[in-house]
Amino acid sequence: MAEIYPVPERVLKEKGALLFPEIEEGFSRYEHVILERTEPEYRHMLEVMLQINGRADAYCDFYYGSLSKEEQRGFRHSLSEDQLTMLMNIRITREEVYYPLTRSMIRFLSDITAREVLFSTFYFTRFPCTVWGNYELRYPVFFKDKRTKFQYCGLI
């Protein structure tokens, strides 16, 4: 498996990603829905969103690098062998938290998000929307506008 390198935040901004630091800002600024999904349903939804946006327009965040050493150790202990292998292929930095989204990243991050081990957010830029991770298997999805929300309607 090839190493996965971080992407600067400016790249996501240039592509029009919906970035906001607090979920309440998303609720007040953007069209949104809250989806209830099991982890396999959530993973499938993200895979469909990746497919319609394309790899060049799909990103995720992963905050492992900003955890303390003790938190990182606890996180690693919660992972399966396959997940540990995935973690070893991610270039971790403290400063950069955004990564290109791939199917293997979806498998890894959807599980840890559903289990509430570490939360990730997913950003799609061809059809701009942001999927926030897991509030008791409820996933807020924010859309650029009503038209974009309508485009996703039947797909998610």
Side-chain angles (χ1 to χ4, degrees), residues 1-23 26 30 33 35 37-135 137-144 148 151-152 154-156:
M1 175 181 289
E3 193 165 16
I4 300 168
Y5 290 88
V7 176
E9 182 177 307
R10 70 173 166 70
V11 171
L12 278 74
K13 287 181 177 179
E14 289 167 2
K15 289 185 154 217
L18 306 182
L19 297 168
F20 42 93
E22 302 291 330
I23 196 164
Y30 299 106
V33 297
L35 302 172
R37 298 285 189 269
T38 64
E39 191 278 328
E41 292 168 334
Y42 176 58
R43 182 178 57 239
H44 177 73
M45 177 189 76
L46 292 169
E47 288 171 348
V48 168
M49 295 172 94
L50 173 61
Q51 185 176 8
I52 65 172
N53 280 274
R55 284 188 59 189
D57 289 299
Y59 303 90
C60 57
D61 61 28
F62 182 54
Y63 285 91
Y64 177 81
S66 63
L67 299 176
S68 70
K69 295 295 181 194
E70 184 177 311
E71 291 168 325
Q72 287 180 357
R73 192 171 20 263
F75 176 78
R76 287 191 308 272
H77 279 75
S78 75
L79 300 179
S80 69
E81 287 299 318
D82 287 344
Q83 290 171 326
L84 283 169
T85 299
M86 180 70 194
L87 179 62
M88 291 181 355
N89 287 302
I90 300 172
R91 173 66 62 100
I92 303 296
T93 70
R94 258 186 124 41
E95 305 79 36
E96 302 286 349
V97 298
Y98 300 103
Y99 294 85
L101 187 60
T102 62
R103 288 191 69 177
S104 58
M105 285 291 278
I106 288 173
R107 281 191 302 277
F108 176 60
L109 297 177
S110 67
D111 175 68
I112 64 173
T113 296
R115 290 190 295 123
E116 300 183 9
V117 176
L118 185 64
F119 297 100
S120 288
T121 302
F122 300 87
Y123 308 90
F124 301 94
T125 59
R126 179 179 293 163
F127 304 105
C129 79
T130 296
V131 181
W132 275 56
N134 195 22
Y135 294 85
L137 297 178
R138 298 174 72 215
Y139 301 91
V141 183
F142 302 92
F143 306 95
K144 178 182 175 184
T148 306
Q151 288 173 308
Y152 282 102
L155 299 173
I156 59 171

On a heavy-atom basis, which atom in [X] and which in [Y] lie closest, and how many Å separate them?
X	Y	value
Arg94	Gly65	NH1-O, 2.8 Å
Thr121	Gly133	OG1-N, 4.5 Å
Pro100	Met105	O-CG, 4.0 Å
Arg76	Leu84	O-CD2, 3.7 Å

Check your understanding: So, Asp111 and Arg107, do they make that salt bridge, N to O below 4.0 Å?
Key -> no

Point to revise | From CA spacing to verdict: ring pair (Phe, Tyr, Trp, His ring centres under 6.0 Å), Tyr123, Tyr98 | key: CA-CA 9 Å; Tyr123 308 90; Tyr98 300 103; 5.6 Å; yes

Practice item. Say whether, by atom type as modelled, one donor and one acceptor occur between the side chain of Arg138 and the main chain of Leu35 under 3.5 angstrom. Key: no

Distance in Å, [X] [atom1] paired with [Y] [atom2], rounded so as to fall on 0.5 Å steps:
X	Y	atom1	atom2	value
Thr148	Tyr30	OG1	OH	11.5 Å
Ser80	Met86	OG	CE	11.5 Å
Cys60	Phe108	SG	CZ	10.0 Å
Arg43	Thr113	CZ	OG1	12.0 Å
Glu41	Thr38	CD	OG1	3.5 Å

Is the number of heavy atoms from other residues, nucleotides or ligands within 6.0 Å of [atom1] ([X]) greater than 12?
X	atom1	value
Gln51	CD	no
Arg103	CZ	no
Arg115	CZ	yes

Practice item. With sequence neighbours excluded, tell me which residues meet ring-ring contact (aromatic ring centres under 6.0 Å, His included) with Phe124. Key: none

Exercise for review: Step by step, work out the side-chain contact (heavy atoms from CB on, under 4.5 Å) result for Trp132 and Tyr139.
Suggested key: CA-CA 6 Å; Trp132 275 56; Tyr139 301 91; over 6 Å; no

I'd like to check [X] versus [Y] (side-chain heavy atoms, cut-off strictly below 4.5 Å). Are they in contact?
X	Y	value
Met49	Phe122	no
Tyr152	Val48	no
Leu50	Ile106	yes

Study note, to complete from the structure: For residues 81-92, the salt bridge (Lys or Arg N to Asp or Glu O under 4.0 Å) pairs (sequence neighbours left out) are Glu3-Arg91

Quick one: side chains of residues 11-23, donor-acceptor pairs under 3.5 Å with protein atoms, not counting sequence neighbours, listed by atom name and distance.
from: Lys13; atom 1: NZ; to: Glu9; atom 2: OE2; distance (Å): 2.9
from: Lys15; atom 1: NZ; to: Ala56; atom 2: O; distance (Å): 2.3
from: Lys15; atom 1: NZ; to: Asp57; atom 2: OD1; distance (Å): 3.4
from: Lys15; atom 1: NZ; to: Tyr59; atom 2: OH; distance (Å): 3.3

Review point. Under the ring pair (Phe, Tyr, Trp, His ring centres under 6.0 Å) criterion, do Phe75 and Tyr64 qualify, and how do the steps go?
Key: CA-CA 8 Å; Phe75 176 78; Tyr64 177 81; 5.3 Å; yes

Exercise for review: I would like to know whether Thr93 and Glu96 meet side-chain hydrogen bond (donor to acceptor under 3.5 Å, both in side chains); could you show each step before the answer?
Suggested key: CA-CA 6 Å; Thr93 70; Glu96 302 286 349; 5.9 Å; no

